[in-house]
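Just passing along the structure, written as structure tokens.
Labels below follow one simple rule: chain letters A, B, ... track the order of the sequence lines, proteins then strands, and each chain is numbered from 1.
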There are 2 protein chains.
Amino acid sequence: MTGRKERADAARNRAKVLAAAAVLFADKDPRTVTMEEIARAAGVGRGTLYRRYPDPASIASALLDEHERSLQRELLQGEPPLGPGAPPGDRLAAFYAAMTALMERHVHLVLGAETGRTRFDAGAYGFWRAHVIALLRAAGTPGPDALADALLAPLAPEVFTHQRERGLTTGQIAEGLTLLAHRVLPG
Amino acid sequence: MTGRKERADAARNRAKVLAAAAVLFADKDPRTVTMEEIARAAGVGRGTLYRRYPDPASIASALLDEHERSLQRELLQGEPPLGPGAPPGDRLAAFYAAMTALMERHVHLVLGAETGRTRFDAGAYGFWRAHVIALLRAAGTPGPDALADALLAPLAPEVFTHQRERGLTTGQIAEGLTLLAHRVLPG
DNA sequence: AATTAAGTGGACACGGTGTCCGTTTAAGAC
DNA sequence: GTCTTAAACGGACACCGTGTCCACTTAATT
């Protein structure tokens, strides 16, 4: 994945950076974490940081990557209702539940990974989108392209954060989305 | 609204600022418009700008205000299906259509008005939220609090922009939301 | 041990922020 | 019309983050 050979000092610094960044994203408002800050916390020069990552968002993405890939694998090859086999409505509900759970643990990173609209340009969004479109098609829903973005919108980290701050529990949020899934894709 | 008497020069500058800002928000990426830039374009000192507005978002909000209030009036007292009298599903669909139309004309400003999560703190969001909750209650939908935010999420300006850039027309977006409205609130 | 290419980190120029305060100017009193 | 005063103005200032550049260091190779 990362061009074959990595020098020992480079690997050491990459680890330091990721570890330091993980702490920062968790401790402060993830949107205010700066490159300078990460460099300082990691004990690394600014230039070194920029060599690998263009901005804080890409560092958060690197930290998030593993978790997202894991969920993507389950969607493609896992057990129903998350994986193939269950009716579309159930699969959508399961997807919502999984994403909610992922957010519960990693909102910091998702917030840090998204500077404004970055959300849609990231590879992950394309994956979720394709998945939802497939479910809509399987249910014969008209205009799946437009609907898919609408159905993914509630998963924006800002929405999740806002709901939690309003006093809603993760469970309540997931229940709301389950209802949504089953009304949109009855079955 | 603004403490009764405003001095002539103050009023003149306020007008200059709003006019200049309107142009800037329309011409460039609204999220990159800076206070310095607005001050320069308006031919006004930085201090003068800060006297009234704390940041570019508040200026965009000021420009947007009139349009939002107008829609709010229609929701409360206008003709059905936007105003009271129609079944909840139809009213939600009409609300979606109206918001989509408003975005079509003023995405620039909505994008400029929202720095990250500001969306939820703004007064307008509370209004939309209360409206949607009322519709959900009227239809006897369980857990309206959690669902309301989910149903409003597709109206985030970033989502709209993304959809337009993907090639969807405003009409297709509105159709998708209409379908969503009627599936969530059948009637 | 010598070579070399990758990696490092700090300095630099730039641009935006928000505040502070000496100066200007409109509005009301007489 | 002048005077007074408080509001409004605008530029300077100190600060912080950005992204680049390049002289230096260090790991890997022969």
Worksheet item: On a plain distance test, is the side chain of A:Arg7 in donor-acceptor contact with the base of D:dA28 below 3.5 Å?
Response: no
Item to complete: Kindly work out whether a path of hydrophobic side-chain contacts (I/L/V/M/F/W/Y, heavy atoms less than 4.5 Å apart) joins B:Ile133 to B:Leu76.
Response: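 B:Ile133 and B:Leu76: separate clusters.
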Worksheet entry | Among C:dG7, C:dA27, C:dT17, the nucleotide that comes nearest once only the side chain of B:Thr34 is considered |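 Nearest to the side-chain atoms of B:Thr34, counting from C-beta on, is C:dT17.
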Worksheet item: Can you tell which of C:dG9, D:dT26, D:dG17 lies closest to the side chain of A:Thr48?
Response: C:dG9
Worksheet item: Starting at CD of B:Glu36 and ending at C1' of D:dC15, how long is that distance when rounded to a whole Å?
Response: 14 Å
Practice prompt. Hey, which sits more toward the 5' end of DNA chain D by its nearest nucleotide, A:Gly47 or A:Glu37?
Written response: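 Final value for this comparison: A:Glu37.
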Discussion item. Does C:dT8 have its OP1 or OP2 closer than 4.0 Å to a side-chain nitrogen or oxygen of A:Asn13?
Written reply: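 Yes, A:Asn13 has a side-chain N/O under 4.0 Å of OP1/OP2 on C:dT8.
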Discussion item. Using whole Å, what does the distance between atom C1' of nucleotide D:dC22 and atom CZ of A:Arg46 come to?
Written reply: 15 Å
Worksheet item: Below 4.0 angstrom from OP1 or OP2 of D:dA8, is there any side-chain N or O of B:Arg52?
Response: no
Item to complete: Starting at atom CD1 of A:Ile59, determine the distance to atom P of D:dG17, rounded to an integer number of angstrom.
Response: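 In whole Å, D:dG17 P lies 15 Å from A:Ile59 CD1.
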Item to complete: Please tell me which of the listed nucleotides, C:dG16, D:dC9, C:dT8, lies nearest to the side chain of A:Ala10?
Response: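 Looking only at side-chain atoms, A:Ala10 lies closest to C:dT8.
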Practice prompt. Using whole Å, report how far CZ of A:Arg12 lies from P of C:dA6.
Written response: 18 Å
Fill in: B:Asp9 side chain, from C-beta outward: closest of C:dT8, C:dG16, D:dA8
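Minimum distance to the B:Asp9 side chain belongs to D:dA8.
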Fill in: Distance-minimising heavy-atom pair for B:Asp145 and B:Arg129
O-NH2, 3.2 Å
Discussion item. The side chain of B:Ala8 is closest to which nucleotide in this list: C:dG9, C:dA26, D:dG17?
Written reply: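 For the B:Ala8 side chain, the nearest candidate turns out to be C:dA26.
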Worksheet entry | Minimal non-hydrogen separation, A:Arg183 against B:Val184, with atom names |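 Heavy-atom minimum between the residues: NH1-O, 2.6 Å.
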Worksheet item: Looking at the side chain of B:Tyr50, which of C:dT17, D:dG10, C:dA26 is the nearest nucleotide?
Response: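 Nearest listed nucleotide: C:dT17.
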